[in-house]
2 protein chains.
Amino acid sequence: MKKRVTIHDIARIAGVSSATVSRVLSKSSYPVSSELRQKIEQLAEEYDYIPNMVGKQLKTHTNTTIGVIVPTISNPFYSSVVLGIEEVARRNNYHVFLCNSLQNPKQEDEYLEKLFENQVKGVIISSISFNRKLMARLIKLGLKVIAIDQPIDLPDILQIKFDYRKGGYMATKYLADQGHRRIAYVTAPMDRPSRQSIFEGYRDALLESGIAVEDGLVKVSEPTEGDETRGEFENGKLLTRQLLELSELPTAIFACNDMTAFGVISELSAHGVKIPEHISVIGFDNIDFSQMIAPPLTTINQPSYEMGKLAYSMLMELMKGGQAEMDIVLQPKLVERSTVAAIK
Amino acid sequence: MKKRVTIHDIARIAGVSSATVSRVLSKSSYPVSSELRQKIEQLAEEYDYIPNMVGKQLKTHTNTTIGVIVPTISNPFYSSVVLGIEEVARRNNYHVFLCNSLQNPKQEDEYLEKLFENQVKGVIISSISFNRKLMARLIKLGLKVIAIDQPIDLPDILQIKFDYRKGGYMATKYLADQGHRRIAYVTAPMDRPSRQSIFEGYRDALLESGIAVEDGLVKVSEPTEGDETRGEFENGKLLTRQLLELSELPTAIFACNDMTAFGVISELSAHGVKIPEHISVIGFDNIDFSQMIAPPLTTINQPSYEMGKLAYSMLMELMKGGQAEMDIVLQPKLVERSTVAAIK
DNA sequence: TTTATGATAGTAATCGATTGCAGTAACAAT
DNA sequence: ATTGTTACTGCAATCGATTACTATCATAAA
């Protein structure tokens, strides 16, 4: 582990002051004779000089890193969001510090604090159960925060929301319009606001279509530990099994997200139920995989990649001190594919 | 943007020197009277003191960050690797700096250099086409590197390999043992060593089973731009379409990875071909999704999560100056599910 | 009583880079 | 000849923390 070459080493070798070297190598507009400039550049090259950003950061209080905290990138929805953020960040010479909270509130706090200690000035977070006190404290200390997907009701946090309720409404209404009357709703635990909203949309649509909400058709899973993505799939299977025990089967199943819908489809197939001939299925999220299964899943689109890009832009705006005082609500869109059939 | 509280502020308020504050707050074993200790801790709490790691890092030349460069986390294989790395890193109070190279060599170089500038001491990388010169230079300067998945033939780089050839062999042999004689191989461009190896395994198995390698049954796609994950799915579809035009159809299709296999299945289904009754399909990777589709995919397991955990451990070993002079080769395993049927 | 010892606390240098301020030399303007 | 201006270049402080070294004082050992 040899000592790295510093600006002082180059200065010494070139017989100039480190100030001059800094001026050349940091490409400042400060005038330096082209003679010295060339000499220094050559020496830097020759001696494999690579600047130490830590020194620079300490002095200038600037950095080009933002933090991103999501439940888990094993969920394609979030990995798509992260990719969107990174794409724009890269173009602006920014870096992403990625953190998977794994639905663990303590983990979330730890990451948040670590990021702050490392002088990160801005964070994009999809927070399940945030720590009000910590968050408020960091914000008071100057941290800029964009909340995506899951709302955080604290001042000075910008939100990128998604109209889950309308999404739930659209999916359900679509099924009703296709003639379905017995529409089941299969969902992960409703501890998150987003899931609560989807359910409300479901209810709205049923009511509007003159269909009573039947408790037996609404299946809610227990909270699970560990890998959320895998858990949702399993939950879809489990709840579908319960549904299949009903004396009168539903003709359509609405799942709270695509992953759960995959579970539903998997279980139905295993029981020989044809989709969509016997039972229709609709999902939520429109992750990439939803078009890769057979038959391709009809679902509600949530623009994850765009959400990521937007979040980055808003964060930059905030960090530049801009008055980005507006929350944004993204709109759902129905993506018709092949898992929903009309009822004659 | 108020100025943050520093160790000196606390020292001034407490009427002690910053040295003492540092000793208390960094929990060093240096003795400080419990009286002062308590006072300082209380003050730190009261004034919301949060240490500045940049200062610490500059002085101590230590940090707790490692870099991870993968093609893209939208590929579940890599997101699983990353999750594995992060899991162990977290337990050791380390952080992950994530970079998606998006199969772009220039991007890869930029990230590598940025990481080094930020004083990252260790990197785990799955490199498509690495820059020999840059990599060698950084290693000479003390960077520790673990290559996963894709080999890098440079000294001082530790490798975690996977026996792709054996995997390709196992998949093909399995099909042959089930009575298949017309076994197609569908693959992304063979520019990566890994893919080349799988093909060799395919060939080995055919030869061993007394089956001639038929050019018409080996379909190789063109290199694609952009989102690799999505591209592989589309390639699977495209190549399958070509296969279906053959006068004599294959009875089994072996895809170079699960994503491609999904494309194969999707296209077959669209043409009304039943899986596995008409045509058997086998994948490669065993990503989580492979068990979530209907019917669940028979495939070759590549232990991505473990690979991540292992990579982290080896990197730490290297960084501690340990003599982890051994490359590791992970072994494939056949995962039997429902997309392969025996031929009578 | 004197000296050795240990517990505490402070001084000041240091990490690598930036930058305000000052100094110098050359040349132009008066 | 004097002053002003421009173009460089260097000095030294600074960012926030750590730490080797020194200083002080109380207590124990001789």
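In what follows, chains are A, B, ... by sequence order, proteins preceding strands, each numbered from 1. Keep in mind that the numbers below use all heavy atoms, side chains included, and drop hydrogens, waters and symmetry copies. Values in this document were obtained by computation on a predicted structure and should not be read as measured data.
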Quick one: which of [options] gets closest to the side chain of [X]?
X	options	answer
Thr60(B)	dC11(D), dA9(C), dT19(D)	dT19(D)
Val32(B)	dT19(C), dG10(C), dA9(C)	dA9(C)
Tyr49(A)	dT9(D), dC15(D), dA17(C)	dA17(C)
Lys56(B)	dA17(D), dG10(D), dG16(D)	dA17(D)
Leu36(A)	dT9(D), dT19(C), dA20(D)	dT9(D)
Ser26(A)	dT18(C), dA9(C), dG16(D)	dT18(C)

Please report the distance, rounded to the nearest Å, between CZ in Arg4(B) and P in dA17(D). 10 Å
Separation of dG16(C) C1' from Gln57(B) CD (nearest whole Å): 12 Å
Nearest heavy atom decides the nucleotide; on that basis, is Ile7(A) or Ala19(B) closer to the 5' end of DNA chain C? Ala19(B)
Would you mind classifying the nucleic acid contact of [X] as base, sugar-phosphate or nothing, using non-hydrogen atoms under 4.0 angstrom?
X	value
Lys59(B)	base
Val16(B)	sugar-phosphate
His8(B)	base

Does Ser22(B) put a side-chain nitrogen or oxygen below 4.0 Å from OP1 or OP2 of dT18(D)? yes
Phosphate OP1/OP2 of dG16(D) contacted by Thr6(B) side-chain N/O (<4.0 Å): no
Indicate the ring-plane relationship of Tyr111(A) and His95(B), choosing parallel, tilted or perpendicular according to the 30° and 60° boundaries. tilted
Mind checking the NZ-CG spacing from Lys144(A) to Leu318(A)? Nearest 0.5 Å is all I need. 6.0 Å
Should the pair Arg90(A) and Tyr312(A) be classed as cation-pi, given the thresholds of under 6.0 Å to the six-membered ring centre and 45° from the axis? no
